[in-house]
K.L.:
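Below is one structure. I have some questions about it.
Note that the structure is predicted; figures quoted are calculated from it, not measured.
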Amino acid sequence: KVYGPLHIELTRTLTYIGALLDIQGKIRKATLYYEETLEIFQQHHQKDHPDIAEVLCYLGNAYLNCGETCKALKAHERGLRIFRETGNSE
């Protein structure tokens with residue numbers, strides 16, 4: 001099976017790579033992987049899907065670790081709103 005660059009199956013691996021880079025202290029690079037995951041989810045899911053909320057939390061943490069507090073707050077608030085609206089309290 002061959003997946004295109006925006007195939008939904010890639011998101012798990014992209015998120016894992018982002019998390020590993022985050023742990024290694026390569027936070028700016030990690031944000032690129034989280035942003036790519038978010039882009040794919042937004043193309044495949046409705047705007048209030050829990051998968052989008054989850055990656056927004058990862059992205060928010062990465063932004064926070066980079067000192068980008070405004071971006072971090074926006075990502076976390078959006079993720080929280082989605083979790084509340086969908087009844088998902090992860």
K.L.:
Considering only heavy atoms from C-beta outward, does the side chain of Arg81 approach that of Arg78 to under 4.5 Å?
P.N.:
yes
K.L.:
Can you give me the closest heavy-atom contact between Leu21 and Ala30, atom names plus distance?
P.N.:
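Distance-wise, the nearest heavy atoms are CB-CB, 3.9 Å.
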K.L.:
Should Leu10 and Tyr33 be regarded as members of a common hydrophobic cluster, given that ILVMFWY residues are connected when their side-chain heavy atoms come within less than 4.5 Å of each other, either directly or indirectly?
P.N.:
yes
K.L.:
What distance do Asp22 atom CG and Lys29 atom NZ have between them, rounded to the nearest 0.5 Å?
P.N.:
13.5 Å
K.L.:
How long is the straight-line distance from CD1 of Ile82 back to CD of Glu77, given to the nearest 0.5 Å?
P.N.:
12.5 Å
K.L.:
For the residue pair Phe83 and Pro50, what are the closest heavy atoms and their distance?
P.N.:
CE2-O, 4.0 Å
K.L.:
Which pairs of donor and acceptor atoms, one on a side chain in residues 64-74, lie under 3.5 Å apart (sequence neighbours left out)?
P.N.:
| residue | atom | partner | partner atom | Å |
| --- | --- | --- | --- | --- |
| Asn65 | ND2 | Asn61 | O | 3.3 |
| Glu68 | OE1 | Lys71 | NZ | 3.2 |
| Glu68 | OE2 | Arg28 | NH1 | 2.6 |

K.L.:
Can you hop from Ile27 to Ile17 via hydrophobic side chains spaced under 4.5 Å?
P.N.:
no
K.L.:
Show me the pairs that pass ring pair (Phe, Tyr, Trp, His ring centres under 6.0 Å) and involve residues 47-67, at least two apart or across chains.
P.N.:
Tyr34-Tyr58, His45-His49
K.L.:
What salt bridge (Lys or Arg N to Asp or Glu O under 4.0 Å) pairs are there with at least one residue in residues 31-49, not counting sequence neighbours?
P.N.:
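Those involving residues 31-49 do not exist here.
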K.L.:
Find the distance between OG1 (Thr11) and CD (Glu54) and round it off to the nearest 0.5 Å.
P.N.:
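Between Thr11 OG1 and Glu54 CD, I get 9.5 Å after rounding to 0.5 Å.
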K.L.:
Using every non-hydrogen atom in the two residues, find where Ile40 and Ile8 come nearest and quote the distance to one decimal.
P.N.:
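Smallest interatomic distance, heavy atoms only, reads CG2-CA, 3.9 Å.
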K.L.:
On a heavy-atom basis, which atom in Gly79 and which in Leu56 lie closest, and how many Å separate them?
P.N.:
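Where Gly79 meets Leu56 most closely, the heavy atoms are N-CD1, 3.8 Å.
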K.L.:
Can you tell me how far apart CG (Leu14) and CG (Leu32) are? Round to the nearest 0.5 Å.
P.N.:
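The distance works out to 11.0 Å.
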K.L.:
Is it the case that over 12 heavy atoms from other parts of the model lie below 6.0 angstrom from the CD atom of Gln43?
P.N.:
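Enclosed: over 12 neighbouring heavy atoms sit under 6.0 Å from CD of Gln43.
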K.L.:
Of all the heavy-atom pairs spanning Ile52 and Gln46, show the shortest one and how long it is.
P.N.:
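Closest approach of Ile52 to Gln46: CD1-O, 3.3 Å.
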